[in-house]
There are 2 protein chains.
Amino acid sequence: MQPKSKIIIVDDHKMFLDGLRSILEPQPHLEIVMTAKNGQNVEKYLNINAEEGIALVVMDLNMPEYDGAELNRFIKKNHPQIKTLVVSMLHDVQTVRTLTQDNVDGYLPKNAPKEELLKAIETILGGEKYFAQTIKDAYLKGMTMQDASPEQSLSKREKEVLRLIAMEQTTQEIADQLFLSKHTIESYRKNLISKLGVRNLAGLTKYAIKLGLID
Amino acid sequence: MQPKSKIIIVDDHKMFLDGLRSILEPQPHLEIVMTAKNGQNVEKYLNINAEEGIALVVMDLNMPEYDGAELNRFIKKNHPQIKTLVVSMLHDVQTVRTLTQDNVDGYLPKNAPKEELLKAIETILGGEKYFAQTIKDAYLKGMTMQDASPEQSLSKREKEVLRLIAMEQTTQEIADQLFLSKHTIESYRKNLISKLGVRNLAGLTKYAIKLGLID
DNA sequence: CTAAGCATCCCTGTTTTCAGGGAGGGCGTT
DNA sequence: AACGCCCTCCCTGAAAACAGGGATGCTTAG
């Protein structure tokens, strides 16, 4: 009999976790060896049981404390043989890009049907990558737009300003607070908007939240 | 043999739907007669199959188009014998209050474990109500804090406008989209700012996220 | 019936944001 | 030394947001 593929599931919504478990457990060739509600415990587990031959980690993004992006980065750096599949509610281009740069093996929206989940797992365990069509569409659209817009890793100062913007402060207030000219803050604001590909304060705020700069 | 309790599940995330199904299907006394991704279809189904004896509808809140709150209201008005259980990611006080006023039979966060889901269903089918402890806590805290801070329940229209604002749309764009005057949207924006006690677009956006109007 | 809340629309004026430029100095890498 | 990147500051003009009013009609609850 062929050995089962060992799988870890990570999601902070227990019910979803149980749902995934119920879907995967009946699969004869899969074995769930651990479930967790954030990345921290998985990291510990992998460090201790490095030789156990974990095949795949299925993870949510957007968990408190230690999210999927971070966990994926950790796994790919320290345990590159382990495959990773991200299952998330949101599918924004930036997140997917970050994940692909970090060599994630697959990405599914949470509204994908059970069948697609199983197919994705098979594909990934077979050594290939699997991205849902909707994700690919969004990603490509983002790629073409990316040519015009520069790279968007934010500097420390930019993050600081972004944080204050999202804290409902006006340009003038931020300037006073950081002992800078209001023109400087205006420049930052402008650069952030174009760098992050958003239209206005609302977009900046959402991004700040996504980055975890505020809550 | 005792008759099975007929259940309908409503959630726009297919994978979650499949998860719930996998949890509930093995239960010998439960029978899933329908799943849907929004309230609309359920409404139709109930109108046609009114006599089929549906026991319970398990629903997500926060679905596009026709959300759980609305569906609950419909069910309690037109088919009061059918029980309703809301399963949601967010647990803001206002939403829970609205639901309880509409006589919902139970409320669980999505991070509740499988066991609690089953227990909640049993409780509700037995004729009692079931609310997760965390929900009850939040609700009570909201009740006491309510004295100090003014009430901030948003009307449906207000939520709609708030959603569009947080989606990075300008006042003019929202006006066009809803076939309203831009003055109207400006009024809404103004009211929202004062109602929610925030200063600007950033605050509105954060609130919209907290309410789950956008992601 | 009456008051309250909701949805709609309007006005005046000020402040802030947004768009699209430019520009100089510092700092590290090649 | 030259290049890129970051941080800083400045300008103009248009668009949008914000503040603080008022007004109407229509439901709904008391």
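Keep in mind that this is a model prediction, so the values were computed, not measured. Lettering follows sequence order; numbering is per chain, from 1.
Ionic pairing of D176(A) and K182(A) is not present here: no N-O contact between side-chain nitrogen and carboxylate oxygen is shorter than 4.0 angstrom. Between R163(A) and E160(A), at least one side-chain nitrogen of the basic residue sits less than 4.0 Å from a carboxylate oxygen of the acidic one, meeting the salt-bridge criterion. The pair K14(B)-E116(A) does not count as a salt bridge, with every side-chain nitrogen at least 4.0 angstrom from each carboxylate oxygen. Using a cutoff of 4.0 Å between basic side-chain nitrogens and carboxylate oxygens, K206(B) and E168(A) are scored as salt-bridged. Salt bridge annotation for E173(B)-R199(A): present, with a cationic side-chain nitrogen under 4.0 angstrom from a carboxylate oxygen. With salt bridges taken as basic N to acidic carboxylate O contacts below 4.0 Å, one links K110(A) and D11(A). Electrostatic pairing of D12(A) and K37(A) does not count as a salt bridge here, judged by no charged N lying under 4.0 Å from a carboxylate O.
Applying the 4.0 Å criterion to OP1 and OP2 of dC9(C), one finds that T184(B) has a side-chain N or O inside that range. Distances shorter than 4.0 Å separate some side-chain N or O of R157(B) from OP1 or OP2 on dT8(C).
Per the geometry, CZ belonging to R189(A) stands 11 Å off P belonging to dA19(C), to the nearest Å. Between R199(A) atom CZ and dC18(C) atom P the separation is 11 Å, expressed in whole Å. Residue E173(A) contributes atom CD, which lies 12 Å from atom C1' of dT15(C) at whole-angstrom precision. What separates NZ of K195(B) from C1' of dA7(C) is a distance of 11 Å, to the nearest Å. Q177(B) places its CD atom 14 Å from the P atom of dT8(C), with the value rounded to the nearest Å. Atom NZ of K182(A) is separated from atom P of dT16(C) by 8 Å (rounded to the nearest Å). Taking atom CG on L196(A) and atom P on dC18(C), their separation rounds to 12 Å, with Å as the unit. In this entry the distance linking CG of N191(A) with C1' of dA23(C) reads 14 Å, nearest Å.
A 4.5 Å side-chain heavy-atom check between I174(A) and Y188(A) finds every atom pair outside the cut-off. Inter-residue side-chain proximity for F131(A) and L108(A) is flagged as unmet; no heavy-atom pair is nearer than 4.5 Å.
Ranking dC10(C), dA7(C), dC18(C) by closeness to the L201(A) side chain, first place goes to dC18(C).
For the helix from dC1(C)-dG30(D) to dT30(C)-dA1(D), the angle separating the two terminal helix axes comes to 50°, with each axis derived from five pairs and the value rounded to 10°.
Counting non-hydrogen atoms under 4.0 angstrom, Q172(B) reaches nothing in the nucleic acid. Within the nucleic acid shown, T171(B) comes within 4.0 Å of sugar-phosphate atoms alone, with no base atom in reach, counting heavy atoms only. When heavy atoms are screened at a 4.0 angstrom cut-off, K190(B) is found touching base atoms of the nucleic acid.
The residue among H183(B) and L204(A) whose nearest nucleotide of DNA chain C lies closer to the 5′ end is H183(B). For S187(A) and F179(B), each mapped to the nucleotide of DNA chain C holding its nearest heavy atom, the one lying further toward the 5' end belongs to F179(B).
When DNA chain D is scanned in the 5' to 3' direction for atoms under 4.0 Å from non-hydrogen atoms of chain B, the outermost contacting nucleotides are dA17(D) to dG21(D).
Side-chain atoms of E43(B) and H79(B) form no donor-acceptor pair, as typed in the model, at a separation below 3.5 Å.
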